[in-house]
Amino acid sequence: MAEPVILTVDDEPQVLNAVNRDLRQHYRSNYRIMKAGSGAEALEAVRQLKQRNTPIALFLVDQRMPNISGTEFLAEARKYYPEARKVLLTAYADTEAAIASINTIGLDYYLMKPWDPPEQNLYPILDDLLDDWAATVSVPYDGIRVAGTLWSAASHSVKDFLARNRIPYQWLDIENDAEIRTLVTTMNQEDRRLPVVFFPDGSVLIEPDNWALAGKIGMNTQATQPFYDLIIVGGGPAGLGAAVYGASEGLRTLMVEKAATGGQAGTSSKIENYLGFPKGLSGADLARRAEAQARRFGVEILAPQEVVRVRVEDPYRIVQLRDGTELNCHALLIASGATVQKIQVPGVERLTGAGIYYGAAVTEATHYCGQHVYIVGGANSAGQGAMFFARYASQVTMLVRASLLEKEMSRYLVDQIYSQDNIDVRLRTAVAEVHGTDRLEAITIQHTDTGQTETAAAAALFIFIGAVPHTDLVAGVVERNHAGFILTGTDLIRNGQRPKGWTLKRDPFILETSVPGIFAAGDVRQGAVRRVASAVGEGAITVGLVHQYLKTV
Ligand SMILES: Cc1cc2nc3c(=O)[nH]c(=O)nc-3n(C[C@H](O)[C@H](O)[C@H](O)COP(=O)(O)OP(=O)(O)OC[C@H]3O[C@@H](n4cnc5c(N)ncnc54)[C@H](O)[C@@H]3O)c2cc1C
């Protein structure tokens, strides 16, 4: 890829030269720094760069310029470079215009002049934006390639694994690419198993599972130590929250994640209610940032790796991994979350992965450009999925059992959905059957009031309904409720009695389970709020409780 550009625009030569100097000092080894003395000159430069296919990573533009303001320039420039990050240089009087630009042109940041010292007021902000840009921009391809069809469940699973672990790959649809089809058929003549995964070193894996992929890519699945102060099962928001606080407060911390860090949140196309991100952020972005933060504090992360069993040999809590390895710790956090519930409707199991998906908005959306897709569910995750699909599909229909969308969905999302032209919401409906030979072709919709049914053509069906907790690993070890969610804190006290087998002279801490030193946080807990922020918060609180617990070990 050609060296990406940072373009700075200002009509005041003194300011322009000062910005240019500061940018060169910090970024010249990775970026080409360009400057322009007016909006018009800058637009001409943008057009020329586009013709040469040179990427622009960031615009840093003064708001006050004659003829064309900073905001007007950015509105024009983003037509050529929608991915480039956009920063306005403002005086105090321009603050309102800058805030308005967050909505109108997707402004990423506004900086007050002067920005001295740049180490404090300029570089940290631009570093963050440039990291973001580098993580999302597409580059000419020379990495892993996955060849398959949209209708193969195994192809979907490989793509999902790579995407959620932020491993770049190129998708090759063999139905649309004759050369790849020939290659795949020659390699795989007998059973035509899909997908075929090509690696840059020339090797190939056919229909690999997550573990085979992880081994080939060299992901970290083995612990370096036999003992840790704190082991965390699950790398969703709760696990990541605990990991960051645990390690930053000096605990030797290991986090074990079965699939990909970020958990359910990592599959969300846009989280709009997480504190500190007024424009919202994708789950993948949140996971990437949190994982980087955890690693910076020294957390050891095994992913993909699974804890299959937990046992207690006082004072140790022992976890058994999928490969039989055992690791010991003093404190254990179960943050293994929950998964979307499966629906029991004729045909769904057979066509899952072939037009029917659980969640999966981010991985699959682009394949349904211009088509009619259906969404089952009426909570926030379904609403976000609908909004995301509305960008690609011609029509999105939500099938919702409830009589009001507001029943389970946040108000802001309800408003967005009702103002989106290509989303229609069908209340009091459910899927009764799905049809198709090799892929989904149609669905039967039932009206729950009347029992009447109708059949409609459907390109895809995305399911976002209730959750099932991942707690088999602690079955018989800690107390769970009838649905498998883990009991913690006061939920364990019945008729003033502490849980069976509890030996300490104190009650269980708020996030402690029926076994001292084993904690549970996030969606896996009975009564959890099921939000990213609450999971992160519970992870952080657990660390405080772990410190208290460790004083007694
Ligand atoms: C599509 C979607 C959109 C959402 N959008 C929002 C939103 O906008 N705002 C909001 O606040 N909330 C949102 N939520 C809810 C939010 O994502 C969850 O409440 C949150 O992720 C719960 O975090 P957690 O860490 O408790 O569990 P999870 O996110 O479920 O993470 C648990 C992790 O543990 C791993 N794991 C499970 N078992 C094991 C094992 N045995 N060994 C090792 N690892 C294991 C799993 O692979 C998973 O990564 C959304 C959920 C979904 C599905």
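Numbering of ligands and ligand atoms starts at 1, following listing order. We number each residue from 1, following the sequence as shown.
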Mind checking whether [X] has a heavy atom under 4.0 Å from ligand 1?
X	value
A260	yes
V307	yes
Q305	yes

Would you confirm whether [X], through its side chain, and [Y], through its main-chain N or O, come within 3.5 Å as a donor-acceptor pair?
X	Y	value
S381	F464	no
Q341	I465	no
N165	A260	no
E408	A379	no
T149	S152	yes

Quick one: look at [X] and ligand 1, take heavy-atom pairs under 4.0 Å, and tell me if it's side chain, backbone, both or neither.
X	result
S534	neither
N273	side chain
H470	side chain
A335	backbone

Could you check whether atom [atom1] of [X] has more than 12 heavy atoms from other residues, nucleotides or ligands sitting under 6.0 Å from it?
X	atom1	value
F297	CZ	yes
R350	CZ	yes
Y392	OH	yes
D314	CG	yes

Any N/O of [X] closer than 3.5 Å to an N/O of ligand 1?
X	result
P237	yes
R531	yes
R164	no

Gap between atom CZ of R525 and atom CD of E538 - 0.5 Å precision: 4.0 Å

Could you check whether the rings of W151 and Y368 sit parallel, tilted or perpendicular, using 30° and 60° as the cut-offs? perpendicular

On the 0 to 90° scale, with breaks at 30° and 60°, tag the F227-H330 ring pair as parallel, tilted or perpendicular. perpendicular

Considering only protein heavy atoms, which is closest to [atom], and at what distance to one decimal place?
atom	value
atom 13 (C) of ligand 1	V532 CG2, 4.0 Å
atom 27 (O) of ligand 1	G337 CA, 3.4 Å
atom 25 (O) of ligand 1	A238 N, 2.9 Å
atom 36 (N) of ligand 1	S336 O, 3.9 Å
atom 15 (C) of ligand 1	R530 O, 3.9 Å
atom 50 (C) of ligand 1	S381 CB, 4.5 Å
atom 45 (C) of ligand 1	K258 CB, 3.6 Å
atom 46 (C) of ligand 1	E257 OE2, 3.5 Å

Enumerated ligand 1 atoms positioned under 4.0 Å from heavy atoms of [X]:
X	value
I271	7 (C), 8 (O), 9 (N)
G522	26 (O)
G263	29 (O), 31 (O), 48 (C), 49 (O)
A338	30 (O)

Heavy atoms only: which of [options] is nearest to [atom]?
atom	options	value
atom 26 (O) of ligand 1	I334, T267, D523, D472	D523
atom 40 (C) of ligand 1	L240, V233, V308	V233
atom 28 (P) of ligand 1	Q264, E272, Q384	Q264

May I ask you to check whether F462 and F389 place their ring centres under 6.0 Å from each other? yes

Partner of L254 under side-chain contact (heavy atoms from CB on, under 4.5 Å), picked from V299, I231, I301, is I231

Going by the side-chain contact (heavy atoms from CB on, under 4.5 Å) test, name the single residue among V319, I318, V307, L332 that passes it with L327. V319

Compute both the distance and the angle, then confirm whether K342 meets the cation-pi test with Y358: under 6.0 Å from the six-membered ring centre, within 45 degrees of the axis. yes

Is the closest protein non-hydrogen atom to atom 22 (C) of ligand 1 under 4.0 Å? yes

Any protein heavy atom under 4.0 Å from atom 38 (N) of ligand 1? yes

